[in-house]
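Okay, structure first, notes after.
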Amino acid sequence: MERDQESKQPHWGSHNYYNYFLLKEGVSASMINEKLPEVLRVYQDPFLQKAVGISYDEFTSGGNFFNYELTPIADIHLHSHLQSEIEANGSMDHIYIFSAIALIILFLACFNFMNLSTAKSSKRAKEVGVRKILGSLKSSLINQFLTESVMISLFALVIAVILVNFSLSSFNHFTGKEISNPLFGPMSLWPYALLGSIVIGMLAGLYPAFVLSSFNPVKVLKGTLISGSKGTLLRNSLVVFQFTISIIMIIGTAVVYKQLTFSRNKSLGYDQSKILLLDNTYVIGEGIEAFKNELSNDPDVVSLTSSLFFPTRDISNDNTFNRGENNNLESAQNMHTWNIDDTYFPTLGMKIISGRNFDRSFGRDSMGVILNQTAAKAFGFQDAVGKTIKYVDSDEKFPVIGVVEDFFFESFKEALKPMIFFYSKNNSTTAIRYRSENPRELLQRVEQIWEKHAGGHPFEYSFMDQEFDNRFKEDQKLGSILTFFSALAIFIACLGLFALASFTAEQRKKEISIRKVLGASVSSIIQLLFSNFFKLLLISTAIAVPVGYYLMHNWLDGFAYRTDVGVGVILVSCLAVFAIAWLTVGVRLFGRRGRILRIICIGSREIHFSGSYPSGQMGCINS
């Protein structure tokens, strides 16, 4: 800051520096925020009087405003979404989304436990009947089944703790964080995990406990256990809910990856490949030209340029400008202001679409400027070359010598901003375009040149294409996490469908056996049994498609440049779920060789065969 002359200019129309305040004990941010409006009035009033000829009160009465307020440092990452942040922030929305998904998956697991328990109710029906006949109370049976459910939940907690411990390093690598075990580390969450497991076990086991304990012992022991319509409706509803969530999550995952692909394939307006960025080249001082000349003589170096501003760097500088002939505030534009040299555009592969580039042989180029297309349109220039612009608080005019094609220097969530380029030498960072397919060898030579000129200063570098990729890390993480959650949700939903198929097979085993004995084919039985599940999947699809489309359409609205949800994404997502569901039902109802799992032949009495039998050996055995 001591060497940065711009930081010493009392220019209240410029917003180019982050300011941090250490407050005294007993002073709150709200106390400072109350004083800032008066600070603005004192300093902005003379600025506005000079720039546009109006007072601060006239400016604010027209609906315009300046607003300064303090933001706690700990709130910046997740809650501050201002323009030109130092780096890409996280998203509190993502925290809410993933927390909601985690709870939904937990509820799906609870629902499946209910489904599986009630589907297997006939296996324990006689146990319940005998216990009741021997004097067991309903409350005792409920306590027994709830205890079993809680014990399963606690056992799951032990497995979860082991999995968390083993997967923590991979999680930290994926998120770029250094989080210790949250259960037994500084956070000490194990009491909450233990209490949560007990509550989850109670909730998951409550319905099955009441169902199982309500069996009539006389009917049970006679073998006439019949499931009520209410139980069937609940099981079907849970399956519909599970597959609705699964389809929504698959649609979400597909749309996220579609947007990532769109972003990567969209023309950026510059070529980020094969560009090496050398940081802090200003430390070389007066020897910078000799350093650049030696770099230029390397056979692998195509061109090089120096500047503080590059499209993959979150460094910004903005000022307010007006057309040269105007003083009215309505036509003023707040513009990103970059200082570059004459080799900047050629090195980065940017195109001058009107006028010309800077030329160091033209002494007057120190007063000339280049606009991007968005800036030319914002000022209403049909042909910007030859026109003039000026700072709003100055009468000094700058002729426009060229217009450069728009390029992206912020996230695709942001619309392109007006930009103005001044010719200036700034050696903060030097970008080298190279032709080599082996950048390691080039790096070694560049480092040797650096050590020769930089006098012991650290050699720091990066590649522009890697910095570009880093801009999409958050969206890539979102896609990866959604993929994992989608797979988990589908797996749990299939368990629910498996439970329903089990219950159906148990209830219709005699019907299936008779059909098979009378010559029904395997495919016809599959079609018969799957028809009910197919209806449930259709209901899930009818609910999930509009909900998934609405949610992902809203998510895409956060991007200024975006793809669309598309019919193909929805169709593929639904077909994938249908295929997985069909496979799940088929595996449950039929053995490994595609035979009926249980055959019942009706003669003068029932004979039960358990197992899988080769075709040709199925028949009715009469007593």
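The model shown is predicted, which means the values in this text are computed figures rather than measured ones. Heavy-atom basis, side chains included; hydrogens, waters and symmetry copies ignored.
For the atom pair CG (Asn372) and CE (Met419), the distance works out to 6.0 Å, reported to the nearest 0.5 Å. Rounded to the nearest 0.5 Å, atoms OG1 (Thr312) and CG (Leu268) are 10.5 Å apart. Once rounded to the nearest 0.5 Å, the distance linking CG of Leu371 with CE of Met335 reads 5.0 Å. Taking CE of Met92 as the reference point, atom NE2 of His77 lies at 11.0 Å (rounded to 0.5 Å).
Two residues are said to be in side-chain contact when any heavy atoms from C-beta on lie closer than 4.5 Å; Asn334 and Lys417 fail this criterion. Side chains of Ile250 and Val577 form a contact here, defined as non-hydrogen atoms less than 4.5 Å apart. Side-chain contact between Leu277 and Ile275: present, with at least one pair of heavy atoms (C-beta onward) separated by less than 4.5 Å. Between Leu276 and Tyr461, some side-chain heavy-atom pair lies under the 4.5 Å cut-off.
A donor-acceptor contact shorter than 3.5 Å links the side chain of Ser153 to the backbone of Ser197. With Ser169 contributing its side chain and Ser167 its backbone, the two residues share no donor-acceptor pair below 3.5 Å. Lys351 places no side-chain N or O within 3.5 Å of a backbone atom of Gly269 that could act as its donor or acceptor partner. Between the Gln373 side chain and the Asp406 main chain, a donor and an acceptor come within less than 3.5 Å of each other.
Sparse packing is recorded around CZ of Phe107, with 12 or fewer heavy atoms of other residues, nucleotides or ligands lying under 6.0 Å away. Within a 6.0 Å sphere centred on CZ of Phe468, other residues, nucleotides and ligands contribute more than 12 heavy atoms. In this structure, Leu103 places its CG atom where more than 12 heavy-atom neighbours from other residues, nucleotides or ligands lie under 6.0 Å away. Sparse packing is recorded around CZ of Phe491, with 12 or fewer heavy atoms of other residues, nucleotides or ligands lying under 6.0 Å away.
The heavy-atom pair separating Met350 from Pro311 by the smallest distance is CE-CG, 3.8 Å. A pairwise comparison of heavy atoms in Glu467 and Ser462 identifies OE2-OG, 2.7 Å as the closest pair. Considering every non-hydrogen atom in both Gly252 and Met552, the closest pair reads CA-SD, 3.5 Å. The minimum heavy-atom distance between Cys110 and Ile200, with the atom names listed, is SG-CG2, 3.7 Å. Taking both residues in full, the closest heavy atoms of Ile370 and Val404 are given as CG2-N, 4.0 Å, listed atom of the first, atom of the second, then distance. Here the shortest heavy-atom pairing between Val569 and Ala254 reads CG1-CB, 3.5 Å.
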_Intermediate values then yes/no, side chain to side chain contact (heavy atoms under 4.5 Å, CB included), Asp318 and Thr337_ = CA-CA 5 Å; Asp318 66 286; Thr337 310; 5.5 Å; no
*Could you walk me through whether Gln259 and Thr563 pass the side chain to side chain donor-acceptor pair (under 3.5 Å) check?*
CA-CA 6 Å; Gln259 176 63 27; Thr563 183; 5.3 Å; no
*Evaluation steps, salt bridge (Lys or Arg N to Asp or Glu O under 4.0 Å), between Arg562 and Asp557*: CA-CA 8 Å; Arg562 44 166 284 183; Asp557 281 343; 2.6 Å; yes
*asked:* Run the side chain to side chain contact (heavy atoms under 4.5 Å, CB included) test on Leu157 and Leu194 for me, step by step, so that the C-alpha distance in whole Å, both residues' side-chain angles and the decisive distance to 0.1 Å come before the verdict.
replied: CA-CA 8 Å; Leu157 173 63; Leu194 183 63; 4.2 Å; yes
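Every residue two or more places apart in sequence or in another chain that forms a ring-ring contact (aromatic ring centres under 6.0 Å, His included) with Tyr561 is listed here: Phe408. Partners of Tyr344 under the ring-ring contact (aromatic ring centres under 6.0 Å, His included) rule, at least two apart in sequence or in another chain, are Phe310. Take Tyr434 and apply the ring-ring contact (aromatic ring centres under 6.0 Å, His included) test, not counting sequence neighbours, and it matches no residue. Remark: Thr347 engages Ser303 in a side-chain hydrogen bond (donor to acceptor under 3.5 Å, both in side chains) (not counting sequence neighbours). Residues passing the side-chain hydrogen bond (donor to acceptor under 3.5 Å, both in side chains) test with Thr147: none are found, sequence neighbours excluded.
Exactly one residue among Tyr270, Phe421, Trp338 makes a ring pair (Phe, Tyr, Trp, His ring centres under 6.0 Å) with Phe345. That residue is Phe421. When each of Trp555, Tyr549, Tyr550 is tested with His553 by the rule ring pair (Phe, Tyr, Trp, His ring centres under 6.0 Å), just one qualifies, namely Tyr549.
Salt-bridge check for Arg433 with Asp271: passed, with a basic side-chain N closer than 4.0 Å to an acidic carboxylate O. The pair Asp465-Lys274 does not meet the salt-bridge criterion, since no charged nitrogen lies less than 4.0 angstrom from a carboxylate oxygen.
Between Phe409 and His336, a ring centre-to-centre spacing shorter than 6.0 Å is recorded. Ring centroids of Phe578 and Phe534 are separated by less than 6.0 Å, placing the two rings close together.
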Which pairs of donor and acceptor atoms, one on a side chain in residues 536-543, lie under 3.5 Å apart (sequence neighbours left out)?
from, atom 1, to, atom 2, distance (Å)
Ser540, OG, Val240, O, 3.0
Ser540, OG, Leu536, O, 3.1
Thr541, OG1, Leu537, O, 2.8

